[in-house]
Every structure is written in structure tokens, then in C-alpha cells.
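Here's the structure we're looking at; comments come further down.
Note that these values count all heavy atoms, side chains included, but never hydrogens, waters or copies made by symmetry. Numbering starts at 1 and runs along the sequence shown.
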Amino acid sequence: MSSALIDQTRRVFAADGAMASRLPGYEERPQQLDMATLVARAFGDGRRVVVEAATGTGKTMAYLVPAVLSRKRTVVSTATKTLQEQILQKDVPLLQSISPRPFSAVLLKGRQNYLCLWAYDSFRQEPRFRRREDAHYWPAVERWAERTTTGDRGEIGALPDDWATWADLSMGSEACTGRDCVYYSDCFVTRARAAAQEADLIVVNHHLYFADLSIRMRTDAELLPAYEAVIFDEAHNLEETASGYFGVQVSSYRYTDLLTDVVRMMTREHGLTDAIRMAAASAGDRARDLFAQVAARTPVDGRVEAATVFDDSESGDELRDAHRALETRMLELRFALEGSAQAGEIVRRLTDRIDTLVKETSLLVERDARDLVYVVERRGRGVFVSAYPVDLSGVFREVLFSTCATQIFTSATLATDGDFRYFRGRMGIPDDTDQACLEPVFDYMQQALLYIPEALPDPTDPRFVEAVAPTIERLVQICDGRAFLLFTSYRNMREAHRILGPRLSQPILVQGDMSRAALLDAFRADPRTVLFATSSFWEGVDVQGEALSLVIIDKLPFASPNDPVLKARLDAIEAAGRSAFSDYQVPAAAITLKQGFGRLIRHRDDVGIIAILDGRIVRKAYGKRFLDSLPRARRTRDIDVVERWWTSRDHDAEA
């Protein structure tokens, strides 16, 4: 089958093919054709493929065309909403216009993204906002709820990503009453899943994909319909995303949500007795006691996100006593619910949630599994206790690779040191997997200048940001803004903004002041803008043209050695007789650096400067591995050269 599919695919991309007939000025790209051929062979023969395709390759169409022509139901999993929207709003309509056969495509999100009509109706009767500032957005939510046909919160453009009250308007699977709900026929989740059952192409994110896999491991349930092929775009994020789905996590929020649901649902069903109310209140008190004990093991300011290994070497008896007291109260609540006159489907679901939460809390308090790392985390006011797998490669081999024969792993950043050993090792990908690292499409030697300043302070110096601030300021003035300032930590970002904010004449945006989408809209609206940002802007952001001409990266993006999950993985690598720094930390950081570099050149007409303010990239022996991972561009350490180069580019544009 593969030869026929390859021929069909290549004809679509030919100079006189279907793509050219729809796109004025279409040009064949050898890299796109190579990738499409590789993917078509995988679909035809039922194989796995790992392929790195640089920005500008057209990799999305390179995998969508053979997927559609193969007639296999395919799941496309991405890491970012930006790529999902591009696929559904741009690529799919184009492909539908040239495909020799009709096909359907849907975007399916996790149920927490959809408005629950039952929860919305309950909340609207007596609104209680989780934070005072949440009330500001309620009128916009009400207007949207009256007209939406999808229930997807992503339609509310002004709603911040961290709007806490949304948790009271959506419904997790454990709380949903399914067909017993009075809103079942109008349910947005039900409609979305029904559409997915009929679709040929199902676009999801990595979180939903791995949530589905983890549920399939434990139960007979599923979130996704049956499929014959899966494509992982932005595949460099897979290990990080999957970690949270193959362990266990219990949080103070999870107890609060469950106990709130008990009172809310039983009140709605007219079955809230004094016994249930008192049992829920008592369980809430004991839950606060337990998480206070747990929080004491995270010695940081509660306003700062932090994580540490879950260790009860001190005060272990107090922790176990708090756990036993909570378990007792939860079981008392369970018995009170079972004794309710309204004992039915809602009570069954509530008691199932209690059983699961009690069991998982016990697993985390006991901490018996040696292949897991146990972690306490602070996120805002919440306390989380988690167990993460140290090595996921075995899980992937057992679960992921058995889902279907055709699996495509692609990204602009998968290879390190010229091969895929790092990525394949972390993912447990078999040796017989096809692979290709395609040549860049853009001419970086002409389009980009890499600047690494002389006499840089060590990034560990407490005054590092203060020392590099004048360099950042001059670079911004050279380009008159049009800049992404990418930092490896919020601390450095905030310090740089504190120093440079009063000095810069250009408009300034700071990550956290508004939603990511709103920040990008504002950035594109004024080409002189300077954006101070951190981790979430290192990838999945596409700003073409003169709006972005300068990217400054403060440090090589090594993951924090204080991360307990990372530390456990590094220890495991060392225990196996390998170098954790060379085999894990350097390649992982090189991939992240390549992502940050990739923000600059998004189109063949783009021109810009990339500045890396970390002298280790030229001083240290491992620095060559970072430089070799980046596209080949002109390089200088002289800022006067940078200014002359930029000025000459401006003159060329005017001419």
C-alpha cells in the first residue's frame, strides 16, 4: 500500500499538483516532500517515524496529507493551542479543498475546558467567586454562555488563563452524572465526543492524549474514540506532559472540590442532611490539618511556587496521625451519603470519588514504590502531593506503542548532537523506527545574526541581571524595540523589568499582566513593543515580520537542579553508570535553547538578531554542543558589528 500512497502524496505537493492549484506563488520544498514521503510510507506500512523538521518546512501539511489520503482515522496531538488553531482554522480547510475525498476534522479538548450547564445553572443562582477579582469577568462569561454553541472557554478572549472560578463552571469526569443529568442532551462534552466519534481527524493536546492512555490502563473507560494512527507534533514535550498521568496526585484543592460537590449536589437533589453537612465539614477540617502537615515540609514562602521531595523523617508520627484522622472522617462521610434517602447515581459517584481519594492519599503517605519520586508542591494557596515515575520509557513501551502501528513523532527540535539518541532513549522508542533530520529551509546565514557579548558575568552571580541590563538596553535601542526578552526564571524577568522599565522608551509588556493571547495581540499591534517573558514564550509563539526582530536569551536554559523529579532522574542515570549532565541535562537544555532561537525567524523574509547573554556557551567545553544544535548563522561578540549589521539590513529594506 505504501508505494501507492507515496505516489498520491507526492502528486499533491508537485509543482503542478493540487497544492499549487490552490496557493498562488506555491513552490516545491524538498524538505516538505521528503517528510511527506516518509510519513506516507509509515501510514502505508504501519511504521513509526521520528522526524525533525525545522520552521518553514511545512511539516503540518506534510503529515496531514498522507494521513487523510490513507483513510486511517488519525489522532493529531500537539502541545500548544496555537498549533491546534492553525490546524483547524488554516490547514484543514485548505486540505479539504484539495482532497480527492471528503473528510471531517474536530478539535477535542479535556472536559475541564467545556462549560458544564448543570454547574453553570447552580453557580448563577448564587455566585460565589474564588477570588474577589474574578467577579470582574462574570458579565462576559454570562454573555458568552447565552450564545456559545461549543461551550469551549477558549472562545472567551478576555478571560485570563488562571481565572480560578472556572473550576466551579466545569465538571470533572468523576463528578459528572452522565445520562442522569437533566442537561445530558445539551451537554457540550457529550456533543464534542459524539463529533469525535464520527471524525476522520481528531486534534487533541498532549494532556488529553495521555489522560486517555492512563484511564485505559486503569479502567475500561476511554476519552478518545478508537483510532488507527497517531501523530505527535511538538513531540519534544511528550515526556514532561506524560509524567503527570502515570503517577498519582492528591491536592488540597481536590479535597475542597470533592467536599464542595458533596454539599452542592446533595443540596440540589434535596438530600443534604445534617449528618452529611457535619461529616463534610469535619472531613474538611481534617484535610486542612493534613495539608498543613505536608506544607510544613515545603520550607518556602507560601506565595512562591516551589517543590521538594516528600520526606517525613521528622514529625512522621504527626503526619500519619493527621492522615488517619482524615481517613476516618472521609469514611464517615461515605456512610452518611449511603444512608441518604436520595442514594442513587449521584451518591454512587460521590462515594466512588471518596474511595479513590482515600486510596490515593494512602499511597502517597505510605510511599512504598521505589520507581516513583514523591514530591510536595506549593502552587499559590494549594498544596499538592504527587508521585511521578522516574523513568517513563518502560511505560511508553508498555502502553503507548501498543495503541496503534502508525505513530509519527515530529518537532522542530528533537535532535541533539546530530542524532535522536536522547529523545528515543527518554521515550523508549524501538531501534527499528524510521528517522530523519531534515535540513533547514531558511537561510540563517543571511537572515540572522547571533550575538554573544564579551566579558559576560557568570549567570550564578547575584548581580547578573544588573550586569547585563546595559547590553539588553542597547540591543533594544538598536532595533527600536520589536523584541522578545526571554528569561529562564521569573526572578530574572522581574528584576530585568525593574531595572529596564524606566529606561526604555518603547512600549513594554510583561508576562503575567494579561493572558498569553492578549499579550501577543498587543505585541503585534505595535512593532516597537518589548515583551518581558519566561518559559511559556520560549515555544509555540509565531510572530512573523518586523514585529519581532530581536530575541534576547538571558541564560542557557538548564532545568533547575532543585526540581525533585529532575534530581531523581539524574540520580537514576548516574546509578546506571552514565553521566547525568552530559546525557540528560545538556541535550534537554539544547532542545529548549533551540526552541527559543526558533522564535526569531518564522518566514523566509524575516531578519533579526538573536543574543545569548550566557558566556558559558563559548567558555565551556559543552558550549559547543549548544552552538552546534542551533541553525548556522553569522556570529559576533562585538555589539558595534551588531549595530552595523542591523543598520545595513534597514538600508537594504529601504532600497
Side chains of [X] and [Y] only: does a donor on one sit below 3.5 Å from an acceptor on the other?
X: Thr241; Y: His207; result: no
X: His206; Y: Glu240; result: no
X: His323; Y: Gln293; result: no
X: Glu228; Y: Thr406; result: no
X: Tyr490; Y: Ser535; result: no
X: Thr80; Y: Glu234; result: yes
X: Gln511; Y: Ser536; result: yes
X: Arg494; Y: Thr534; result: no
X: Asp168; Y: Tyr120; result: no

Test: [X] and [Y] ion pair at under 4.0 Å:
X: Arg286; Y: Asp289; answer: yes
X: Arg130; Y: Asp257; answer: yes
X: Arg324; Y: Glu327; answer: no
X: Asp571; Y: Lys567; answer: yes

- Query: Taking only residues two or more places apart in sequence or in another chain, which ones pass ring pair (Phe, Tyr, Trp, His ring centres under 6.0 Å) with Phe423?
  - Reply: none
- Message: Please determine whether side-chain hydrogen bond (donor to acceptor under 3.5 Å, both in side chains) holds for the pair Thr351 and Glu338, giving the CA-CA distance in whole Å, both sets of side-chain angles, and the decisive distance to 0.1 Å.
- Response: CA-CA 8 Å; Thr351 55; Glu338 288 183 326; 5.2 Å; no
- Using the benzene-type ring in the case of Trp, are the ring centres of Phe291 and Tyr255 under 6.0 Å apart? yes
- Message: Tell me if the centroids of the rings in Trp138 and Phe123 come within less than 6.0 Å of each other.
- Response: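 Yes - the distance between ring centres of Trp138 and Phe123 falls below the 6.0 Å cut-off.
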If every non-hydrogen atom of [X] is compared with every non-hydrogen atom of [Y], which pair is closest and at what distance?
X: Tyr388; Y: Gly244; result: CE2-CA, 4.1 Å
X: Tyr209; Y: Tyr227; result: OH-OH, 2.8 Å
X: Ile202; Y: Ala199; result: CG1-CB, 4.2 Å
X: Pro225; Y: Gln197; result: CB-OE1, 3.5 Å
X: Ala279; Y: Leu333; result: CB-CA, 3.7 Å
X: Glu198; Y: Ser104; result: O-OG, 3.6 Å

For [Y], is there any backbone N or O sitting under 3.5 Å from a side-chain donor or acceptor partner on [X]?
X: Arg424; Y: Pro430; value: yes
X: Tyr253; Y: Gly382; value: yes
X: Tyr374; Y: Glu366; value: no
X: Thr273; Y: Ile276; value: yes
X: Thr148; Y: Trp144; value: no
X: Arg73; Y: Ala226; value: yes
X: Trp118; Y: Tyr184; value: no

- Query: Would Leu213 and Tyr245 count as a side-chain contact (heavy atoms from CB on, under 4.5 Å) if you check the C-alpha gap in whole Å, the side-chain angles of each, and the deciding distance to 0.1 Å?
  - Reply: CA-CA 8 Å; Leu213 274 194; Tyr245 291 96; over 6 Å; no
- Task: With side-chain contact (heavy atoms from CB on, under 4.5 Å) as the test, would you mind laying out the steps for Met266 and Val347 before giving the verdict?
- Result: CA-CA 8 Å; Met266 296 308 291; Val347 166; 3.9 Å; yes
Find out whether [X] and [Y] are in side-chain contact, i.e. whether some heavy atom of one side chain is under 4.5 Å from a heavy atom of the other.
X: Cys181; Y: Met171; value: no
X: Asn205; Y: Lys109; value: no
X: Leu357; Y: Val250; value: yes
X: Ile354; Y: Leu337; value: yes
X: Asn237; Y: Glu539; value: yes
X: Ile231; Y: Ser77; value: no

If you count the non-hydrogen atoms of other residues, nucleotides and ligands that lie under 6.0 Å from [atom1] in [X], is the total more than 12?
X: Arg491; atom1: CZ; result: no
X: Met217; atom1: CE; result: yes
X: Gln86; atom1: CD; result: yes

- Go through Asp186 and Arg191 one step at a time and tell me if the salt bridge (charged side-chain N to carboxylate O under 4.0 Å, His left out) criterion holds. CA-CA 7 Å; Asp186 297 319; Arg191 290 180 178 181; 3.5 Å; yes
- Where do Asp391 and Arg569 land on the salt bridge (charged side-chain N to carboxylate O under 4.0 Å, His left out) test, with the steps shown first? CA-CA 7 Å; Asp391 184 358; Arg569 289 176 178 165; over 6 Å; no
- Message: As a quick check of understanding, evaluate salt bridge (charged side-chain N to carboxylate O under 4.0 Å, His left out) for Arg353 and Asp261, giving each step before the final call.
- Response: CA-CA 11 Å; Arg353 288 173 66 185; Asp261 283 347; 2.9 Å; yes
- Note on the structure: Paired with Arg216, the side-chain contact (heavy atoms from CB on, under 4.5 Å) test is passed by just one of Leu224, Val399, Thr403, namely Leu224
- Establish, yes or no, whether the cationic atom of Arg378 lies under 6.0 Å from the six-membered ring centre of Phe384 and within 45° of the ring axis. no
- Task: Step by step, work out the side-chain contact (heavy atoms from CB on, under 4.5 Å) result for Arg426 and Ser393.
- Result: CA-CA 6 Å; Arg426 298 308 305 175; Ser393 60; over 6 Å; no
- Item | CA sep, side-chain torsions, deciding dist, call: Ser282, Glu332, side-chain hydrogen bond (donor to acceptor under 3.5 Å, both in side chains) | CA-CA 9 Å; Ser282 181; Glu332 289 175 353; 5.2 Å; no
- Message: Apply salt bridge (charged side-chain N to carboxylate O under 4.0 Å, His left out) to residues Glu318 and Arg320 and explain how you reach the verdict.
- Response: CA-CA 6 Å; Glu318 294 179 12; Arg320 284 186 284 274; over 6 Å; no
- Query: In terms of the angle between their ring planes, are Phe409 and Phe401 parallel, tilted or perpendicular, with boundaries placed at 30° and 60°?
  - Reply: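 The rings of Phe409 and Phe401 stand perpendicular, inter-plane angle above 60°.
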